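Everything below concerns the one structure shown next.
Please read these numbers as outputs of a predicted model, since none were measured by experiment. Convention: sequence-line order gives letters A, B, ...; per-chain numbering from 1.
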Amino acid sequence: GDSVTQMEGPVTLSEEAFLTINCTYTATGYPSLFWYVQYPGEGLQLLLKATKADDKGSNKGFEATYRKETTSFHLEKGSVQVSDSAVYFCALSPYGANSKLTFGKGITLSVRP
Amino acid sequence: DAGVIQSPRHEVTEMGQEVTLRCKPISGHNSLFWYRQTMMRGLELLIYFNNNVPIDDSGMPEDRFSAKMPNASFSTLKIQPSEPRDSAVYFCASRRAEGGETQYFGPGTRLLVL
């Protein structure tokens, strides 16, 4: 079945550091890929998505590129801020009316001033 | 636009009591999902509906859990009787039924069963 694997956490960075969070997936066909973010005490929010190979999703300075050859969707940001401290989830969804999201375990990012 | 609305936001109850969680999806969305989040197990899909019909309830832990969607704008998740191991944050999410569309999450209900 479909699965998403995220790098182990937590991750602690200093403000303005470069961020990479790895995500790889296993799926049949061509799923859509997502990054969701969960701030403390809140629900998940869509951060960015990509629906086909080589697409780049971007939002709030974060980027991720759909790499079918490596089945990856790594999240990057050039300069993190304290306000980026949150839990980040990678997810995939196959195409179809009855499809559902498969989430990775999530990784906690803490950014120090 | 109002997002997904969940109530209550917090619930504290005693073991054995019935708990009902409520969700109002975004207007025009015809798929609805119930998730549970715990430290130990992460984010788990419990059940989801398309056009008010349950499609997959394989994630529902046991018979103590039940979910209904009587109309397009309302769903409930009921736990009867509740147990301490049911303590978790329960999220509702909605989306349009076409595949690949984004799910939009509510703020969650934090449940504590004593």
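Contacts between Arg41(B) and chain A at a heavy-atom distance below 4.5 Å are absent for every atom of the residue. Only the side chain of Leu46(A) comes within less than 4.5 Å of a heavy atom of chain B; its backbone N, CA, C and O stay farther away. Only the side chain of Gln37(B) comes within contact range of chain A, judged by heavy atoms closer than 4.5 Å.
Applying the 6.0 Å contact sphere to OH of Tyr30(A) captures no more than 12 heavy atoms from other residues, nucleotides or ligands. Enclosure of atom CZ in Arg110(B) is not indicated, since only 12 or fewer non-hydrogen atoms of other residues, nucleotides or ligands lie within 6.0 angstrom. Within 6.0 Å of CD in Glu69(A) there are more than 12 heavy atoms belonging to other residues, nucleotides or ligands. The local environment of NZ in Lys52(A) is sparse, with at most 12 non-hydrogen atoms from other residues, nucleotides or ligands closer than 6.0 Å. No more than 12 heavy atoms of other residues, nucleotides or ligands shown are found within 6.0 angstrom of CD on Glu14(B).
Here Glu42(A) pairs with Gln45(A) under the side chain to side chain donor-acceptor pair (under 3.5 Å) rule; sequence neighbours left out.
In this model, a donor atom of one side chain and an acceptor atom of the other lie less than 3.5 Å apart for Tyr35(B) and Gln103(B).
The candidate from Val89(B), Val4(B), Leu43(B) with the greatest count of non-hydrogen atom pairs under 4.5 Å with chain A is Leu43(B).
Phe33(B) and Tyr48(B) have their aromatic ring centers within a separation under 6.0 angstrom.
Using non-hydrogen atoms only and a strict 4.5 Å limit, no part of residues 68-79 of chain B faces chain A.
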